[in-house]
Amino acid sequence: MKLKIALLPGDGIGPEVIDQAVKVCNAIAKKYDHEILWEKTLVGAAAIDAVGDPYPAETHEICLSADAILFGAIGDPKYDNDPKAKIRPEQGLLKMRQQLGLFANLRPTFTFSSLIDKSPLKQDRIDGTDLVFLRELTGGIYFGEKGRKQDGTAYDICTYSAHEVSRLARKGFELAMKRTKKLCCVDKANVLETSRLWRETVQNMESEFPEVKVSYEFVDAVAMRLVQWPSSYDVLITENLFGDILTDEASVISGSMGLMPSASLGEKTSLFEPIHGSYPQVAGLNKANPLATILSAAMMFEEAFELQQ
Ligand code: IPM
Ligand code: MN
């Protein structure tokens, strides 16, 4: 196969972990007779420094025309402590998600037996944990109207359409069918109207997937049960902000968030990235573990190219 991959190393440890994943991909391509065309381009603080935009139009064009995107990390401490900064690296990430329509963020948590004692949880709690979050990634409070009123009050509005919920939920049902047919819809339907729409929409889809057993659980309870009985979960679907928070929590169950891969699936193309972020403290020191990026590349072969083997 000919594979065109957009390569976005980004910031911090991004470039060094990406370098290692590229070596693995090239070795795989050689062994299985695929041809990879890498198109390296700028994103994040690196793009701000070079062209003043964290997600330049040229990067978008390269991503759009690629079969998949392999991405390192975004973020630079020089922007973190300046709430007034007009341009931030993270805007590049959000723009990229929105413009590429990457609506479904797949974040697995599984354990490595050799690292099980690195987990903050007792081993008998985490044995057998193998769960996947499907986080909605292009809607909700992240992308709603936001601002300051005249009296200085700040607001961020959360909206969801039934279409946004059902296309994410469909991926959840499909994934559940390939796994243990267990799906958990995480919401706050006892308080939020958007959550009631989530629950209603997912309930309406249950008849299409009669074999999938769906549970509906409130986000606060899931936050608790994730550390009490992580192995009781399989596929979890949730909205953008809940997913942001719970996937960080879930990621450390395996010992370190530095080890987990992720995929952001869209209608046109998909993006694969380690979830650890830019970890600027060790950037350039050759200390960062590239495993999460290599596993993200593996997800790319499976999800984007259907090259499981
Ligand atoms: C993530 C990150 C991003 C998010 C930030 C960097 C904007 O925390 O990918 O989870 O909140 O989605
Ligand atoms: Mn996050």
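Model, not experiment: these values are computed from the prediction. We count ligands from 1, going down the list as the structure has it; atoms in each ligand are counted the same way. No hydrogens, no waters, no symmetry mates; every other heavy atom, side chains included, goes into these values.
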What residues join Trp229 in its hydrophobic cluster, counting side-chain heavy atom gaps under 4.5 Å, either direct or through other members?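 Taking Ile, Leu, Val, Met, Phe, Trp and Tyr as members, Trp229 stands alone, with no cluster partners.
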Residues that, via side-chain heavy atoms closer than 4.5 angstrom, fall in one hydrophobic cluster with Ile74: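 Members alongside Ile74: Leu8, Val43, Tyr55, Leu64, Ile69, Phe71, Leu93, Met96, Leu100, Leu102, Leu271.
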Regarding Glu136 and Thr138, do their side chains bring together a donor and an acceptor under 3.5 Å, going by distance alone?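 Distance-only check passes for Glu136 and Thr138.
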Are the side chain of Tyr233 and the backbone of Arg225 linked by a donor-acceptor contact shorter than 3.5 Å?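 Side chain of Tyr233 to backbone of Arg225: no pair is present.
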Report the relative orientation of the aromatic rings in His34 and Phe301; use parallel for angles under 30°, tilted for 30 to 60°, perpendicular for over 60°.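 Plane angle between 30° and 60°, so tilted.
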Is Lys2 salt-bridged to Asp67, going by a charged N under 4.0 Å from an acidic O?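 Between Asp67 and Lys2 there is no salt bridge, as every charged N stays at least 4.0 Å from the carboxylate O atoms.
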Measuring from the Mn ion (ligand 2), count protein N/O/S atoms under 2.8 Å, please.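 For the Mn ion (ligand 2), the figure is 1.
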Is Arg135 positioned over the aromatic face of Tyr142, cation under 6.0 angstrom from the ring centre and no more than 45 degrees off axis?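 Here Arg135 passes the 6.0 Å and 45° test against Tyr142.
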Heavy-atom side-chain proximity of Asp220 to Lys188 below 4.5 angstrom: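 The answer is yes, as the side chains (C-beta and beyond) meet within the 4.5 Å cut-off.
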Distance dump, ligand 1 polar atoms to protein, N/O, under 3.5 Å:
residue, atom, partner, partner atom, Å
ligand 1, 8 (O), Asp244, OD1, 3.4
ligand 1, 9 (O), Arg97, NH2, 2.7
ligand 1, 9 (O), Arg107, NH2, 2.9
ligand 1, 10 (O), Arg107, NH1, 3.3
ligand 1, 10 (O), Arg107, NH2, 3.1
ligand 1, 10 (O), Arg135, NH1, 3.1
ligand 1, 10 (O), Asp244, OD1, 2.9
ligand 1, 11 (O), Tyr142, OH, 2.5
ligand 1, 11 (O), Asp244, OD1, 3.4
ligand 1, 12 (O), Arg97, NH1, 2.7
ligand 1, 12 (O), Arg135, NH1, 3.4
ligand 1, 12 (O), Arg135, NH2, 2.8

Checking side chain to side chain contact (heavy atoms under 4.5 Å, CB included) against Asp82, which of Lys78, Lys86, Lys84 comes through?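 Exactly one candidate clears the test, Lys84.
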